[in-house]
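A short worksheet on the structure shown next.
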Amino acid sequence: MLHLLQSFIDLGAIVVLPILIFIFGLLLGTPPKKSFIAGLTVGIGFVGLNLIVNLLSGSLGTAAQDMVKRFDLSLHTVDVGWPAASAISYGTLLGSLAIPLGVAINLVLLFLGWTKTLMVDMWNFWHAAFIGSLVFAVTNSFGLGLYAMIAYQVMIYLFADIIAPVIKKFYGFPNITFPHGTSAPGFFVAIPLNWLFDRIPGFNKIKADPETIQKRFGIFGESTVIGLIIGIVIGVLAGYNAQGILQLGVQTAAVMLLMPRMVSVLMEGLAPISEAANGFVQKRFPGREVNIGMDSALSVGHPAVLSSSLILVPITILLAVILPGNTTLPFGDLATIPFVVCLMAAVFRGNIIRTVVGGTIYLVSILYITSWVSPLVTSAAKAAKFDLSGNSSITAMAEGGLWTTGLFVFAANYLPWLIISLILVASLVGLFYLNKMQK
């Protein structure tokens with residue numbers, strides 16, 4: 001059974017999501033034709049998003065890697081990126097259990113009315129598998145690894161319920177949330193930083209959202225022109241010739257224009273299913289609502305997210321060089337920075353300066369945490385028989401360096417059963433309060 005489920009997930013998001021959307025649509029009472037078109041539209045939207053993300057990775061990612069080579073960074077822990085991390089996570093028996101566990105936990109919490117999140121994006125259960133693998137690497141206990149995955153998934157559903165109103169307000173996505181392990185932690189980093197920024201004289205008066213920038217700077221405030229300029233700067237830093245610099249600039253401008261349009265296609269497919277889900281719940285459980293749990297790829301097309309992320313690429317490389325004690329060489333996940341900061345931008349209300357400053361502070365912690373846990377990531381990779389390509393130490397910056405990862409690794413090292421139990425209980429109490437007690 002597990003093998004069949006894993007084989008289904010391995011078909012990829014562009015196949016799995018349309019099938020799941022179609023099935024959910026039918027179960028929720030949506031006519032077959034409408035359900036089929038909705039599912040197919042979602043699949044098409046993800047194809048478009050993947051094309052743009054691949055363009056971003058192929059252009060910006062390559063330029064960032066050329067920057068690393070040009071400055072001859074000699075850091076020994078290589079950031080292999082999230083695709084490798086997901087393969088490592090699902091490469092063991094423990095990791096393969098993350099999907100059925102995640103589905104079961106979601107259904108139980110929905111039935112009890114303790115969550116509003118209906119998780120559709122099952123592929124991203126790999127984040128829980130990643131956490132379980134690291135806990136197992138520390139404790140050598142299969143049971144603890146399994147328990148950590150359960151606690152992590154309950155915590156992510158709590159995060160999803162908390163951030164849903166902010167996603168609706170900032171991004172304009174009704175009844176959509178992001179139970180996404182890469183993005184959700186940044187939301188909780190941004191909240192205290194935003195409180196601090198509001199109390200810094202002068203800094204708290206700076207308005208730097210895309211609309212304000214466009215009004216002040218005219219054509220130079222257009223998102224595509226900002227993308228062009230940032231691409232040219234990164235091309236110069238990478239040591240490209242004039243042709244390479246200009247091509248990178250236009251490619252980056254293209255990402256700024258095309259990413260939001262692909263997101264709108266995806267949202268077009270999700271809209272009827274979201275409406276049907278809430279109609280279904282209202283009939284049977286008056287007063288309750290359901291939010292569709294999706295990948296935060298829906299949010300990375302926002303101009304504030306993309307602009308801030310592009311600026312943060314060279315900043316991340318600089319931080320890796322100057323931070324004492326850092327061993328991580330940013331590489332594979334440099335193009336994943338938009339996913340790391342997309343919910344920070346929502347907290348900062350699209351203020352690009354706040355997002356860049358807040359993102360820089362966050363990335364300092366990410367580099368230190370990922371350097372700390374890299375031996376565990378390397379150990380998990382060996383257990384999954386992952387090809388290290390000759391590297392003695394690897395990590396995945398956008399997952400291995402998050403504070404949630406650090407929390408579970410800390411727990412695994414010190415009183416694992418107690419601390420993980422506290423995480424689980426605190427998450428359940430939070431869900432109960434949000435969905436049962438709060439009016």
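- Among all heavy-atom pairs drawn from Ile394 and Ala381, the shortest one is CD1-CB, 3.7 Å.
- When the options Thr177, Asp161, Asn291, Asn435 are evaluated for a side-chain hydrogen bond (donor to acceptor under 3.5 Å, both in side chains) with Thr117, the one that passes is Asp161.
- Enclosure of atom CZ in Phe203 by more than 12 non-hydrogen atoms of other residues, nucleotides or ligands within 6.0 angstrom is indicated.
- A distance-only check finds no donor-acceptor pair linking the side chain of Asp209 to the backbone of Gly350 [under 3.5 Å].
- Asn351 contributes a side-chain N or O that, together with a main-chain N or O of Ile206, makes up a donor-acceptor pair within less than 3.5 Å.
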Could you give me the CA-CA distance, side-chain angles and deciding distance for Leu428 and Leu109, then say whether side chain to side chain contact (heavy atoms under 4.5 Å, CB included) is met? CA-CA 9 Å; Leu428 287 170; Leu109 292 174; 4.3 Å; yes
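- Within the 4.5 Å cutoff, no side-chain heavy atoms of Thr115 are placed close to those of Val154.
- Across Ala345 and Phe170, no two heavy atoms sit closer than the pair O-CZ, 3.9 Å.
- Atom CG in Leu415 sits 8.5 Å away from atom CZ in Phe410 (nearest 0.5 Å).
- Between Trp403 and Phe159, the ring-plane angle classifies as tilted under the 30° and 60° cut-offs.
- Counting only residues at least two apart or in different chains, side chain to side chain donor-acceptor pair (under 3.5 Å) contacts with residues 139-148 comprise Tyr147-Ser421.
- Proximity of Asp79 to Leu329: side-chain heavy atoms (C-beta onward) are nowhere separated by under 4.5 Å.
- The main-chain N or O of Phe125 is never found under 3.5 Å from a side-chain atom of Gln153 such that the two would form a donor-acceptor pair.
- Ring pair Trp126/Phe130 is perpendicular by interplanar angle, where above 60° counts as perpendicular and below 30° as parallel.
- Between the side chain of Ser371 and the main chain of Thr327, a donor-acceptor pair closer than 3.5 Å is present.
- At a threshold of 4.5 Å between non-hydrogen side-chain atoms, the residues Leu144 and Phe136 do not count as touching.
- Heavy-atom minimum distance, Val135 versus Phe408: CG2-O, 4.1 Å.
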Set out, in order, the CA-CA distance, both residues' side-chain angles and the distance that settles side chain to side chain contact (heavy atoms under 4.5 Å, CB included) for Val364 and Tyr368, then state yes or no. CA-CA 6 Å; Val364 170; Tyr368 277 127; 4.0 Å; yes
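- Ring pair Phe178/Phe187: centre-to-centre distance not below 6.0 Å.
- With a 4.5 Å cut-off on side-chain heavy atoms, Asn175 and Ile292 do not count as touching.
- In terms of heavy atoms, Val340 sits closest to Ala398 at CG2-CB, 3.9 Å.
- A salt bridge links Asp198 with Arg354; the closest basic N to acidic carboxylate O contact falls under 4.0 Å.
- Atom OG1 of Thr360 sits about 4.0 Å away from atom CD1 of Ile315, to the nearest 0.5 Å.
- When each of Ile105, Ile156, Asn106, Val103 is tested with Met119 by the rule side chain to side chain contact (heavy atoms under 4.5 Å, CB included), just one qualifies, namely Asn106.
- Thr355 contributes atom OG1, which lies 6.0 Å from atom CZ of Phe348 (distance to the nearest 0.5 angstrom).
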May I have the step-by-step check of side chain to side chain donor-acceptor pair (under 3.5 Å) for Thr395 and Thr370, ending in yes or no? CA-CA 7 Å; Thr395 190; Thr370 199; 2.6 Å; yes
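- Using a 4.5 Å heavy-atom cutoff, the side chains of Thr182 and Glu399 are in contact.
- Listed here is the closest heavy atom pair of Val166 and Ala346: CG1-CB, 3.9 Å.
- Annotation: side chain of Leu101 is in contact with side chain of Leu146 (closest heavy-atom distance under 4.5 Å).
- The CG atom of Leu228 lies 11.5 Å from the CD atom of Gln251; values are rounded to the nearest 0.5 Å.
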Are Met149 and Leu94 close enough, and set up right, to give a side chain to side chain contact (heavy atoms under 4.5 Å, CB included), and what steps lead you there? CA-CA 9 Å; Met149 287 199 298; Leu94 177 65; 3.7 Å; yes
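- Interatomic distance, Tyr240 OH to Leu248 CG, rounded to the nearest 0.5 Å: 6.5 Å.
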Could you please spell out the steps behind the side chain to side chain donor-acceptor pair (under 3.5 Å) verdict for Ser133 and Ser89? CA-CA 7 Å; Ser133 298; Ser89 303; 5.2 Å; no
Going through the distances and angles, do Val305 and Tyr171 end up as a side chain to side chain contact (heavy atoms under 4.5 Å, CB included)? CA-CA 11 Å; Val305 176; Tyr171 289 111; 3.4 Å; yes
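- For the residue pair Ala320 and Leu367, the shortest heavy atom distance occurs at N-CD1, 3.9 Å.
- Distance check: Arg349 CZ to Lys169 NZ gives 8.0 Å after rounding to the nearest 0.5 Å.
- A 4.5 Å side-chain heavy-atom check between Leu343 and Ile167 finds at least one atom pair inside the cut-off.
- Two residues are said to be in side-chain contact when any heavy atoms from C-beta on lie closer than 4.5 Å; Met294 and Phe173 fail this criterion.
- Taking the six-membered ring for Trp and the full ring otherwise, the centers of Tyr152 and His127 sit at least 6.0 Å from each other.
- Under the side-chain hydrogen bond (donor to acceptor under 3.5 Å, both in side chains) criterion, Ser296 pairs with His180, Ser183, not counting sequence neighbours.
- No side-chain donor-acceptor contact under 3.5 Å links Ser379 to the backbone of Pro375.
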